[in-house]
Amino acid sequence: MTKKLQSIRGIHDGLPSEVAKWRKIEDVARRVFSSHAVSEVRLPILEPTELFVRSVGEETDIVSKEMYAFKDQGSGNICLRPEGTAGAVRAYLQAGLTRSGIQRWFYMGPMFRRERPQKGRLRQFQQIGTEWIGVSGPVADAEILAMAQHFLDALDIQMVRLEINSLGCAACRPAYRDALITHLNACSEHLCKTCHERIENNPMRVLDCKNESCQAQSADAPEMLAHLCSDCDTHFSNLKESLNALDVPYKVNPRIVRGLDYYNRTAFEFITEQLGAQGTVLAGGRYDGLVESLGGPATTCIGFAAGMERLAMLMPDIKTQTVDVVAIALGDLALPYSLKIAEQLRREGLSVVHAGGGASKRQFKLADREGARFVAIIGSNEVEHGLISLKNLATGEQTSCSIKQGIALLKIS
RNA sequence: GUGGACGUAGCUCAAUUGGUAGAGCCACGGCUUGUGAUGCCGGUGGUUGAGGGUUCGAGUCCCUUCGUCCACCCCA
């Protein structure tokens with residue numbers, strides 16, 4: 001018995017209706033991003049496993065249990081990239097761009113995480129992201145958020161809100177972390193089991209635990225925003241001012257945390273309620289320490305990524321390939337001529353399907369099913385006089401004219 | 001990884017206490033070579049997700065497995 005072949009769990013096919021949306025996302029991204037002088041890069045899907053261990057963090061879920069990692073035929077440990085930022089920074093360093101000024105990049109393509117599949121959460125999913133390498137001031141943070149907002153607006157995605165926070169920096173986060181751990185230890189008997197582990201690994205995660213008891217305990221927990229050093233505090237205040245100047249609406253949410261190790265200072269998320277538990281549509285933040293930790297000079301950076309499948313779910317359906325004209329041959333003698341006409345129309349940029357001759361009724365029916373706007377009727381009459389008969393399928397209106405006139409008619413309607 | 005719901009034709013769904021697997025829609029072919037959407041006729045379509053078990057008999061009950069969906073978790 002032959003086993004039914006199917007795609008790997010959590011890995012979906014991009015069929016025409018979905019791809020139509022991806023293409024729109026890509027087109028809009030190219031347009032909007034280029035207005036901020038951001039250039040496209042195409043980066044490898046396979047990377048050394050070590051890259052993500054060192055950047056995303058060995059203790060994170062992404063690296064510790066979700067990576068598709070394996071040994072290749074040589075001796076190297078390689079993996080399917082689980083995110084885009086680390087690879088971008090690796091490429092930046094490898095190309096020797098550290099003395100070439102600010103780099104503004106964007107990329108799109110598949111990422112891989114071996115999670116339990118859910119709606120809006122796939123094992124292979126597409127991300128579109130941007131990385132601004134070498135930008136430091138809060139103005140850049142505000143502008144990248146304005147670009148994200150512009151991007152979502154241009155996709156006509158509504159009902160999304162922006163939340164921002166500051167995660168502090170190497171100067172102020174350790175002291176805050178200690179204060180938080182002290183607070184959590186004092187009330188640890190009221191925390192859930194996973195939060196007990198979080199106190200050790202990533203205490204800030206307790207702040208966004210959904211357990212009621214944990215939320216009650218963390219309600220009066222110290223917040224990062226109150227413990228920012230003066231540099232971080234100024235950065236955050238200036239960011240908010242710039243966002244106001246740019247008319248980008250936002251809400252400060254002191255509970256936003258990051259699972260990836262490389263983030264610091266500004267963190268942000270565009271969130272919707274329409275996607276259930278997977279409500280984060282676009283997210284990112286600063287990662288001022290990453291370049292240095294991968295062996296480069298201290299370089300301040302900010303970026304974001306959006307899940308294309310999640311964006312697509314928020315977009316209305318888009319028409320897939322449309323047919324402008326179906327060419328119909330009436331009688332065997334008209335067939336060669338009709339093929340020629342069809343080809344001629346295609347060279348004029350029209351989308352043309354030939355109905356293949358035969359019974360006229362069958363051909364018209366085919367034209368209707370193809371969703372064609374026009375039918376080009378070619379019979380002995382047309383062949384003889386060098387004409388083309390065009391019927392508008394929506395109105396039923398039909399005219400006979402020269403081929404030149406016909407092309408003009410098809411192009412304007 | 002944990003918990004829960006659900007898998008019957010391409011799609012939406014039927015099938016009495018366990019007793020012959022059906023309908024609608026879609027798609028396809030034809031209605032004898034100049035007019036479709038909106039007519040008429042016709043045939044195809046399923047090892048009931050897969051595998052085992054109980055039974056005279058399983059779509060229905062039990063076990064395993066795969067998949068989808070939901071929540072946790074995580075994140076885009």
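What you are looking at is a predicted structure, and each value in this text was computed from that prediction instead of being measured. Proteins get letters first, then strands, A, B, ... in listed order; numbering begins at 1 in each.
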Would you say the side-chain atoms of [X] pair up with the backbone N or O of [Y], donor to acceptor, closer than 3.5 Å?
X	Y	value
Asp324(A)	Val352(A)	no
Arg123(A)	Glu115(A)	yes
Thr49(A)	Ile78(A)	yes

Report the nucleotide, chosen from [options], that has the shortest atom-to-atom distance to any side-chain atom of [X].
X	options	answer
Cys209(A)	C73(B), G34(B), G36(B)	C73(B)
Arg116(A)	G34(B), G4(B), G36(B)	G4(B)
Asp368(A)	A37(B), U35(B), A76(B)	A37(B)
Arg310(A)	C74(B), C31(B), A76(B)	A76(B)
Asp332(A)	U33(B), G34(B), A76(B)	U33(B)
Thr280(A)	C73(B), G36(B), A76(B)	A76(B)

[X] side chain near [N] phosphate (N/O to OP1/OP2, under 4.0 Å):
X	N	value
Gln118(A)	A71(B)	yes
Arg114(A)	C73(B)	no
Arg9(A)	G67(B)	yes
Lys119(A)	C69(B)	no
Arg121(A)	A76(B)	no

Let's test your reading of the model: under 3.5 Å, does the base of G34(B) pair with the side chain of Glu382(A) as donor and acceptor?
yes
Base of U35(B), side chain of Gln363(A) - is there a donor-acceptor contact under 3.5 Å?
no
Using a heavy-atom cut-off of 4.0 Å across all strands, would you classify [X] as base, sugar-phosphate, or nothing?
X	value
Arg198(A)	sugar-phosphate
Asn211(A)	nothing
Thr194(A)	nothing
Gly284(A)	nothing
Gln126(A)	nothing
Gly84(A)	nothing
Arg113(A)	base
Ile271(A)	nothing
Leu330(A)	base

Got a salt bridge between [X] and [Y], using NZ or NE/NH1/NH2 to carboxylate O under 4.0 Å?
X	Y	result
Glu397(A)	Lys391(A)	no
Arg161(A)	Glu273(A)	yes
Asp317(A)	Lys21(A)	yes
Lys24(A)	Glu26(A)	no

Can you tell me how far [atom2] of [N] sits from [atom1] of [X], to the nearest Å?
X	N	atom1	atom2	result
Tyr337(A)	G34(B)	OH	C1'	16 Å
Gln6(A)	U65(B)	CD	C1'	12 Å
Arg81(A)	A76(B)	CZ	P	14 Å
Lys391(A)	G34(B)	NZ	C1'	10 Å
Glu115(A)	C74(B)	CD	C1'	5 Å
Lys365(A)	G30(B)	NZ	P	10 Å
Arg123(A)	C69(B)	CZ	P	12 Å
Glu59(A)	C74(B)	CD	P	14 Å

Separation between the [atom1] atoms of [N] and [M], rounded to whole Å:
N	M	atom1	answer
G24(B)	C61(B)	C1'	31 Å
A21(B)	U48(B)	C1'	8 Å
C73(B)	A58(B)	C1'	38 Å
C74(B)	C28(B)	C1'	47 Å
U64(B)	U54(B)	C1'	15 Å

Which sits closer to the 5' end of RNA chain B, Glu309(A) or Gly276(A), going by the nucleotide each is nearest to?
Gly276(A)
If each of Ala277(A) and Arg362(A) is mapped to the nucleotide of RNA chain B with the nearest heavy atom, which maps nearer the 5' terminus, i.e. the 5' end?
Arg362(A)
Once you apply the 3.5 Å cut-off to both distances, tell me the Watson-Crick or G-U wobble partner of [N], or none.
N	result
G67(B)	C6(B)
U12(B)	A23(B)
C28(B)	G42(B)
U60(B)	none

Report yes or no: do Tyr107(A) and Glu131(A) form a side-chain donor-acceptor pair below 3.5 Å?
yes
